[in-house]
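Just so you know, these numbers use all the heavy atoms, side chains as well, and skip hydrogens, waters and symmetry mates.
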Amino acid sequence: MSINCAAVDRLIDSMSFTQKVGQLNQRLLGWKSVERNAAGRLVASDELKQEIDRWGGLGTLYGLLRADPWSGQHWGNGIRPEERTEAIAVVQQTVLERGVHGIGVLLSEEAPHGHQALGGTVLPTNLGLGATFDPQGVQEAEAAVAAELAASGIHIALVSGLDIARDPRWGRCEECFGEDPLMAARMCEAIVTGMQGEHRSKVGHGGVAVVLKHLAAQGEAVGGRNGQSAVLGPHDLHEIHLPPVAAGVRAGALGFMAAYNDIDSVPCCANPWLLKDYLRDQLGFDGIVMADGLAVDRLEDMVGSIPAAGRAALLAGVDVSLWDEGFTRLEEYADDEQVVAAVDTALRRVLELKAMFGLLPEDGADTAAIAMPSADAIAQATADGREQAKRMAREAITLINDGQSAATLDDIRSVIADAQAGPVIVAGPFADDFGCFLGDYTAPLPADEQSSVYRQLVARLGEDRVLLAAKPSDAPADQWARASTVVFVCGSTSERSYDSEFDDNGAAKAVTEYGATCGEGVDLSDIRLPWRQDDMLGEVAALTTAPIVSVAVCGRAHVLTDVLERSAVTIWAGYAGQYGPQAVADVLVDGADMSGRLPVTLPAYPAAIPVRYNDRQSAAHVYKDAAEPILRGFGYGAGSLAAVTFSEMHADTQSHPGEVLVQVTAHADDHGAAGAVNLFAHVSGGRRIPRLAMLVDSVYMDLNAGERRDIAFHVPCDRLRDVGDGQVQVTCTLDGDSTHTVTATLPGEY
């Protein structure tokens, strides 16, 4: 829908200062805006009515459909999929009836990896999606999520993507696409294009507006402590943390969320350089900036009061608040010319966004004519989302160890397929667990949609063949002796229970002894597997001579040194989403390929962190008690592409000005292959200490059996050195394999 600028101007001129401020607020928690009457029908709550009356309308409503332990919404009291139309209609009609200007309310929902609502699609978390190295696949998956949101009457999707996993102690690593800025940038572009369409073509037409979070450098917080200071210089800020931001702007993102952390002492939501000079002036961003939940109020210690906190955030470039009181106190600055001007600027951005969704009254009308959700459209979009979730779960599975002992994965598959072989024992704390695959920001799924690795193997091999032993003592010694294979499911979980304690922003405040070990608010000082799982695996290994397949379900780069040493095969599953258990069974029973690659570096020791592939100095042989601190490097994957051979690699610096063209020929074996081929570069020369390596291009390919294909990598020169540097030498390596390397020299000017 085109924006009628004159109509927006007239609306702004007709509003009181209080009404303008109200349009910038997103204070009310959406699930509190409706309630059930005696007949069980959804009706507007008094809290919703009071909020509308206070402001003469409503700007943005957060989380109307959200369900999880923090909101307290579940299948017994929350808004079910078949009730979404009713809930949306109640809210929008109440806003239109009680509001002064006939303006509808923007509805925003959490969608970090699918829609956080009852019945919503659950994709792998970003760390799992990052393991696919497949931006096109992510784009298609996010398009399906956006279709579900749009069909449900939602306008804004709050989507993680900007954060870079720089320290595995940080609980929110699962929300990152990994430790690399290029892949994060490509994934953010995929999110925006998938959800909004090319050139925003789907916004208001089957798509939603994306608010990318979190801006910026939240993954660099000291010690991996959530929301704390990011201490880094401007060069590293631009090189590591801002590429996803720039990619989001190029793709047309309509929103960004300012993060909790500060950068060199300046809070992101009160940083005019970040939100104005860089985001708007340098990148040309024209959408809204939203504060993270209660982030504005956290400025009180810096500026002295809650009203001053609201003013500081507004003047720094925040347009829309989230749950805080600071923006509600902007009314106190009605005589402040700076605030008045900034309110009008932010208001225009909010109203223009509303116009895209038909939330403003058209010329001659008293109220907006808002289209209501369609139950059939919701059902179809949700079904499409489920198929995308299945596909992405399969792509996320990553083989990080094969044939550690005499048995290989192929050997184990043969044994599992032999009905006459001994029992398959599924062991470990997550053997029969479903929630471990889901990650944080996930609504509860109905019981009939829940599964586990154990239940999937039972469904395919039979109850008589598969035994469950969450603890080693759960199976008798004779069964361990007869076992043909052991599948040890280990890792971590972000699952919250409904009796968990939470901070005021929804982050985990306290967890039980066997509660969440990852996610927002669960930063850890020790990144070994929790609950003494290494010891448990040692006990299992002592009980059986059967080969062990370990499945590591992880939301961060846990130390898996003991797991690799004791397992014949190790599979890394990230948080692969609601179809994660099926994807694991597909690998073990059906022989499915594994195209995943590690999106983070796995450390070999718990204290030798952080280690990143693109550090400037190697950590090898630095620690006298941990000479080799890296267990598996970024991009490692011993799966379907392992059998692909490469030849005829060469570099061309002449044909395409401003870039290095690297070409190589790929040849698949008799089985074909799919997955990403990554090109890394090391630069020598110039005026900075070079990074050990940089991912400079990645090509996802799908080869038929026996197929040969030429692959071209296009590497912009400005990714290799600063403009104006002298001559530099670039060494490009294919997937870190020194046998496939070419060297090129870039001239001093280009």
Side-chain angles (χ1 to χ4, degrees), residues 110-116 120-149 157 159-161 165 173-178 183-184 186-195 210 381-399 434 436-443 445 449 451 453 456 494 551-555 571-587 590 592-600 635 637 639-641 673-676 698 700-702:
E110 294 285 3
H113 56 105
H115 185 193
Q116 193 183 3
T121 297
V122 183
L123 299 176
T125 64
N126 281 357
L127 200 64
L129 292 177
T132 71
F133 281 72
D134 182 7
Q136 181 61 39
V138 169
Q139 178 177 323
E140 294 169 7
E142 296 292 358
V145 173
E148 179 194 322
L149 288 162
V159 190
S160 302
C173 284
E174 65 179 83
E175 296 182 48
C176 307
F177 286 114
M183 189 51 60
R186 291 187 174 179
M187 293 300 196
C188 281
E189 184 176 7
I191 290 170
V192 175
T193 304
M195 288 192 150
V210 174
T382 303
D384 293 343
R386 295 285 199 275
E387 291 305 310
Q388 293 294 334
K390 290 177 185 176
R391 180 177 60 83
M392 298 313 292
R394 289 192 293 267
E395 286 193 30
I397 304 300
T398 303
L399 182 63
F434 176 62
C436 65
F437 282 92
L438 301 181
D440 201 358
Y441 286 91
T442 304
L445 275 78
E449 293 188 25
S451 187
V453 173
Q456 283 294 311
S494 293
V551 179
V553 186
C554 300
I571 296 168
W572 189 88
Y575 288 157
Q578 67 189 101
Y579 297 105
Q582 287 93 321
V584 171
D586 288 346
V587 166
D590 299 339
D593 287 335
M594 286 174 281
S595 58
R597 292 183 176 276
L598 283 174
V600 287
S640 62
L641 288 181
S698 177
Y700 194 92
M701 64 180 188
D702 192 345

### Test item: side-chain donor near acceptor, Gln456 and Ser451, under 3.5 Å
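Distance-only check passes for Gln456 and Ser451.
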Less than 3.5 Å apart, any donor N or O on the side chain of Glu174 or Thr125 sitting next to an acceptor on the other?
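Glu174 vs Thr125: no donor-acceptor pair found between side chains.
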When you measure from the side chain of Thr132 to the backbone of Gly130, do you find a donor-acceptor pair of N or O atoms at a distance under 3.5 Å?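 No, the answer is negative, given that no donor and acceptor are paired below the 3.5 Å cut-off.
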Minimum heavy-atom distance between [X] and [Y], given as atom pair plus value:
X	Y	value
Ile397	Ala573	CD1-CB, 4.0 Å
Ala396	Ala131	O-CB, 3.7 Å
Tyr575	Cys436	CD2-O, 3.1 Å
Ala674	Asp702	CB-OD1, 3.8 Å
Met594	Thr398	SD-C, 4.3 Å
Ala146	Gly194	CB-O, 4.5 Å

Open item on the list: Any heavy-atom pair between the side chains of Phe177 and Ile191 that's under 4.5 Å?
Closed with: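 Ile191 vs Phe177: side chains touch.
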Within the 4.5 Å heavy-atom criterion, are Tyr579 and Arg394 side-chain neighbours or not?
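No, too far: nothing below the 4.5 Å cut-off.
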Q: Using the salt bridge (Lys or Arg N to Asp or Glu O under 4.0 Å) rule, collect all pairs that involve residues 136-149, keeping only residues at least two apart or in two chains.
A: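 The answer is Arg84-Glu148, Glu140-Arg391.
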Between [atom1] of [X] and [atom2] of [Y], what distance do you get to the nearest 0.5 Å?
X	Y	atom1	atom2	answer
Asn126	Cys188	CG	SG	8.0 Å
Met187	Asp134	CE	CG	6.5 Å
Leu127	Leu598	CG	CG	9.0 Å
Glu110	His115	CD	NE2	10.0 Å
His113	Leu129	NE2	CG	9.5 Å
Leu445	Thr121	CG	OG1	9.5 Å

Please name the residue in the list Gln116, Gln578, Glu449 that meets the side-chain contact (heavy atoms from CB on, under 4.5 Å) test with Val122.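 Considering Gln116, Gln578, Glu449, a side-chain contact (heavy atoms from CB on, under 4.5 Å) with Val122 is found only for Gln578.
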> With sequence neighbours left out, what residues match Phe133 under ring-ring contact (aromatic ring centres under 6.0 Å, His included)?
Replying inline: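 ring-ring contact (aromatic ring centres under 6.0 Å, His included) list for Phe133, sorted by chain: Phe634.
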Checklist entry - So, Arg186 and Glu189, do they make that salt bridge, N to O below 4.0 Å? => result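 Glu189 and Arg186: not salt-bridged.
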